[in-house]
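When a ligand or atom number is given, it counts from 1 through the structure's own listing order. Along the sequence shown, residues are numbered consecutively beginning with 1.
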Amino acid sequence: MAKDLKEVKSIDEIKDLGWNEIIPGASLFSFTEPVENVVEVPEEERPYAPTNSHEWQVGDWRVEKPVYNRDLCIDCQFCWVFCPDISILSRDKKMIGVIYEHCKGCGICVEVCPTNPKSLLMFPEHMDNNEALNMWPKKEEKK
Ligand code: SF4
Ligand code: SF4
C-alpha cells in the first residue's frame, strides 16, 4: 500500500521506499511545526521534519572537500551565497565552516573566495583538516 508521508515519524520508516510506494500528491514538509521567520532561527534549533533533506547524510560520495582557514577569511559571505547545497555555515555574517554532511565537493565556494591566498581550498577527502591547514599556500605576489 502506498505510504502517506504525513504519517512518517522517523526516517527509518521511509528510507527504503521506492518512488511508487509514496501516495500521489504526497507533500514533503520541511518542519514538524510552523516556524516564524525561519532565517532568524539558528539551524540547530529548527524543528526539521524527518523527510527534510537536512536530516540525511548526502555528502558521503565526495572525493575532495573544502577546508576552511579562519585566519585568512574576510567574512565576505561569497561562499555562503554561491554554495548550491547550503553547506556553508554562517552566523551574524561571520563564516563558521562547512557542513560536511551535505557538501558535495563541487568547489564553487573555493572558486568564489576572493582572498589571497584563498580561505577555502579543496583537499582530498581522507586528509585531516589540520594537516591541510599546515600545507596552506603563501600569498601569491602580483606579476
Ligand atoms: S564544495 Fe560545493 S557543496 Fe561543498 S561547501 Fe563548497 S560550494 Fe558548497
Ligand atoms: S568566500 Fe572566502 S573570504 Fe569570503 S566568507 Fe567565504 S571563506 Fe571567507
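In terms of protein heavy atoms, atom 2 (Fe) of ligand 1 is closest to Cys106 SG, 2.3 Å. Nearest protein heavy-atom contact of atom 8 (Fe) of ligand 2 is Cys73 SG, 2.3 Å. Given atom 6 (Fe) of ligand 1, the protein heavy atom at minimum distance is Cys109 SG, 2.3 Å.
In the vicinity of Gly107, heavy-atom distances shorter than 4.0 Å reach the ligand 1 atoms 1 (S), 2 (Fe). Shown in contact with Cys83 at under 4.0 Å from a heavy atom are these atoms of ligand 1, numbered in order with element: 3 (S), 5 (S), 7 (S), 8 (Fe). Applying the 4.0 Å criterion to heavy atoms of Gln77 picks out, from ligand 2, the atoms 4 (Fe), 5 (S). Residue Thr115 has at least one heavy-atom neighbour below 4.0 Å for each of these atoms of ligand 2: 3 (S). If you number the atoms of ligand 2 from 1 as listed, the ones under 4.0 Å from a heavy atom of Leu120 come out as 7 (S). Listed by number with element, the atoms of ligand 1 under 4.0 Å from a non-hydrogen atom of Lys104 are 3 (S), 4 (Fe). Each of the following atoms of ligand 2 lies closer than 4.0 Å to a heavy atom of Ser119: 2 (Fe), 3 (S), 7 (S). Taking every non-hydrogen atom of Pro66 and a distance limit under 4.0 Å, the qualifying atoms of ligand 1 come out as 1 (S). For ligand 1, the atoms lying closer than 4.0 Å to a non-hydrogen atom of Pro84 are 7 (S). Near Gly105, meaning under 4.0 Å from any of its heavy atoms, are these atoms of ligand 1: 1 (S), 4 (Fe).
Listed for the Asp128 side chain is a donor-acceptor partner under 3.5 Å among the backbone atoms of Asn130. Under a 3.5 Å cut-off, the side chain of Glu101 and the backbone N or O of Val58 do not form any donor-acceptor pair.
The closest approach between Tyr68 and ligand 2 falls below 4.0 Å for a heavy atom of the residue. Distances shorter than 4.0 angstrom occur between a heavy atom of Asp75 and an atom of ligand 2.
Taking NZ of Lys118 as the start and SG of Cys79 as the end, the distance is 11.0 Å to the nearest 0.5 Å. With rounding to the nearest 0.5 angstrom, the CZ atom of Arg62 is 11.0 Å from the NE2 atom of His102. Atom CG of Asn69 is separated from atom SG of Cys113 by 9.5 Å, given to the nearest 0.5 angstrom. Remark: Leu121 CG to Leu133 CG distance equals 9.5 Å, nearest 0.5 Å.
No side-chain heavy atom of Ile86 sits less than 4.5 Å from a side-chain heavy atom of Ile99. Counting only heavy atoms from C-beta outward, the side chains of Thr115 and Cys73 never approach each other to under 4.5 Å.
Heavy atoms of Ile74 found under 4.0 angstrom from ligand 2 belong to the backbone as well as the side chain. When heavy-atom distances to ligand 1 are checked against a 4.0 Å cut-off, Ile88 comes that close only through its side chain, counted from C-beta outward.
Checked for salt-bridge contact, Arg70 and Asp75 meet the test: a charged N lies under 4.0 Å from a carboxylate O. Taking a cutoff of 4.0 Å between a charged side-chain nitrogen and a carboxylate oxygen, Glu125 and Lys65 do not qualify as a salt bridge.
Ring planes of Tyr48 and His54: parallel class, angle under 30° (limits at 30 and 60°).
In this structure, Met95 and Ser90 approach most closely via the heavy-atom pair N-OG, 4.3 Å.
Among the atoms of Cys76, no N, O or S atom is found under 2.8 Å from atom 2 (Fe) of ligand 2. Residue side and main chain included, Cys79 places no N/O/S atom under 2.8 Å of atom 6 (Fe) of ligand 1. Atom 4 (Fe) of ligand 1 has an N, O or S atom of Cys103 under 2.8 Å away, backbone or side chain.
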